[in-house]
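The chains referred to below are lettered A, B, ... by the order of the sequence lines, with proteins before strands, and numbering in each begins at 1. Just so it is clear, the model here is predicted, and its values are computed rather than measured.
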Protein chains: 2
Amino acid sequence: MTNNVVDLESARSVCQQCGIFKLCFPMGLNMGELDKLDSIIKRRQPLEKGQYLYQAGDPFKSIFALRSGSLKTYLMSQDGSEHVIGIKMPGDLLGLSAISSGHFINSAKALETSSVCEIPYERLEELACLIPGLQHHLSSMMSREIQEEQEKVAICGKMPAEARLASVLVTLSERFASRGFSANDFNLSMSRSDIANMLGLAVETVSRLFSHFQEEGLIKVERKHVQILDKEKLTALIKMN
Amino acid sequence: MTNNVVDLESARSVCQQCGIFKLCFPMGLNMGELDKLDSIIKRRQPLEKGQYLYQAGDPFKSIFALRSGSLKTYLMSQDGSEHVIGIKMPGDLLGLSAISSGHFINSAKALETSSVCEIPYERLEELACLIPGLQHHLSSMMSREIQEEQEKVAICGKMPAEARLASVLVTLSERFASRGFSANDFNLSMSRSDIANMLGLAVETVSRLFSHFQEEGLIKVERKHVQILDKEKLTALIKMN
DNA sequence: CGGTCAGTTGATTCTTCTCAACGGAAGTGG
DNA sequence: CCACTTCCGTTGAGAAGAATCAACTGACCG
């Protein structure tokens with residue numbers, strides 16, 4: 001690393017250097033505003049696979065922006081069983097559902113080594129009063145999360161197993177693409193049982209569907225590595241019951 | 001209506017007179033702030049049963065607060081089939097999922113005569129910059145909606161039919177209670193097919209479950225009128241698959 | 001090199017859907 | 001006010017989809 005690079009780094013905010021700059025918070029802010037935001041964000045030690053970012057019941061102080069890696073979020077029911085809600089990818093925000101109650105409702109666990117920015121929520125609200133664009137962006141991110149969760153309700157409630165898995169694969173593909181990764185060749189960070197759990201299916205059903213999809217020539221799958229061969233047909237499978 | 005009443009009305013903001021004052025927006029605001037908020041809220045003509053508050057694709061200008069009555073919100077899929085997302089009751093906000101995209105994603109239809117307050121969103125954001133409590137309240141409402149949708153994903157994805165209906169009945173009971181209505185004796189505003197659709201079940205399944213619950217002495221049901229006889233047992237049915 | 005865990009596959013069972021028929025409520029038009 | 005239609009809700013019988021149970025294979029880990 002040369003001095004040039006170091007100079008450049010000190011001149012630009014850390015957010016500006018971040019690979020997911022466009023996906024994350026600072027959209028549409030000017031330099032001064034970006035610096036203010038940058039100053040309240042805490043960069044954390046990367047999480048190792050299996051570590052928690054937060055657990056249900058923890059007091060809510062901050063929301064988090066995922067910089068790299070991936071996490072699963074899940075609810076815990078009385079009997080101690082996990083219910084996977086979703087998979088978070090770089091650029092996603094975590095913890096938004098905790099604002100209203102003041103403690104985390106779900107738990108977030110790293111599926112692989114992941115780095116996360118911590119954004120103290122009180123300071124973010126203070127800042128949002130000063131920077132109108134920031135307030136709107138925060139509301140917008142929350143709005144989008146509501147929208148996504150509503151779509152999940154429709155998927156999980158009304159689609160047959162085949163359509164649910166097709167939907168996950170297509171959605172993942174699009175999410176990878178929007179982050180600059182390959183849309184048709186990627187690695188699942190979650191296990192079959194996480195996928196099954198998230199979709200409300202048995203592991204065996206998911207496993208069979210992967211096999212079927214492969215036999216039909218829609219995908220090529222080997223353990224966690226998935227290639228999408230026929231996105232058209234895969235998308236066509238996403239139908240309601 | 002006497003002059004006294006008119007005087008009272010002009011002295012107090014309309015929000016303060018509203019029956020759902022505590023549930024709705026103005027929580028924790030002082031008089032001056034309340035007046036400001038009050039001044040941007042538009043009271044609309046009541047919606048008749050079957051009328052739309054908004055439809056998917058409509059441009060987003062305002063969010064709405066339901067004052068009385070009830071609405072269903074639903075997504076429309078390509079093939080034109082409805083997918084009921086939820087039932088809104090007095091004090092609920094509608095339209096929050098439209099903020100990010102600028103147009104409504106779902107449609108909202110009145111299940112009975114309903115009155116709604118319209119809150120122009122741009123003006124609300126302006127106001128939120130001036131009234132910190134308001135911004136927090138808005139974020140908090142959105143956060144709670146995310147939380148509720150996440151719980152629905154768990155319900156629809158992983159619960160057997162029996163548990164899904166039990167969950168709806170218990171949740172409705174609690175929502176009625178929190179609005180000052182009877183928790184154990186209420187009228188469903190939605191049809192069996194709306195309930196079935198919302199739960200991802202066939203109408204016949206829902207109908208059979210109502211009958212079973214009644215045979216078991218858990219509820220008494222006659223068309224839309226439901227009485228909860230044994231909330232304990234009903235709650236105990238809410239189990240994952 | 002066992003041992004454990006993740007994933008796959010097969011056989012069977014159970015839940016829920018679909019198809020079908022029917023009763024009753026509400027609404028319409030004469 | 002009554003006959004008619006239509007829609008909503010209920011119930012039964014059979015079919016289909018997915019879960020469960022069980023056995024097996026191959027990774028990964030110490």
Are B/Thr205 and C/dC17 close enough that a side-chain N or O sits under 4.0 Å from OP1 or OP2?
yes
Could you tell me whether the side chain of B/Arg164 and the main chain of B/Leu199 form a donor-acceptor pair under 3.5 Å?
yes
A/Arg192 side-chain proximity, nearest of C/dT8, C/dC17, D/dC28
C/dT8
Can you find a side chain N or O atom of A/Ser191 that sits less than 4.0 Å from OP1 or OP2 on C/dA6?
no
Is A/His225 close to A/Phe186 at the side-chain level, that is, under 4.5 Å between some pair of heavy atoms?
no
Whole angstrom value for the distance that separates C1' of D/dT20 from CG of A/Leu201:
14 Å
In whole Å, I'd like the distance from the NZ atom of A/Lys224 to the P atom of D/dA27.
14 Å
Between D/dT25 (P) and A/Glu222 (CD): distance, integer Å:
19 Å
Over 12 non-hydrogen atoms of neighbours within 6.0 angstrom of CZ in A/Arg144:
no
I'd like to know whether the aromatic ring centres of A/Phe60 and A/Tyr121 sit less than 6.0 Å apart in this structure.
yes
Return yes if a side-chain donor-acceptor contact under 3.5 Å exists between A/Asn184 and A/Ser182, otherwise no.
no
CE of B/Met190 versus P of D/dC8: gap in Å, rounded?
15 Å
Give me the residues of residues 207-217 of chain A where at least one heavy atom lies under 4.0 Å from an atom of DNA chain C, by number, or none.
A/Ser207, A/Arg208, A/Ser211
A/Leu188 CG to C/dA6 C1', straight-line distance once rounded to whole Å
14 Å
Using a 4.0 Å heavy-atom cut-off across all strands, classify A/Ala202 as base, sugar-phosphate, or nothing.
base
Between CG of B/Asn197 and P of D/dC8 the distance, given in whole Å, is 13 Å
Protein-nucleotide distance (B/Arg223, atom CZ; C/dG23, atom C1'), rounded to Å
11 Å
With a 3.5 Å cut-off and no angle check, do the side chains of B/Ser68 and B/Ser115 form a donor-acceptor pair?
yes
Does either side chain, that of A/Asn106 or that of A/His83, offer a donor lying less than 3.5 Å from an acceptor on the other one?
no
Rounded to the Å, how far apart are A/Glu204 CD and C/dA6 C1'?
12 Å
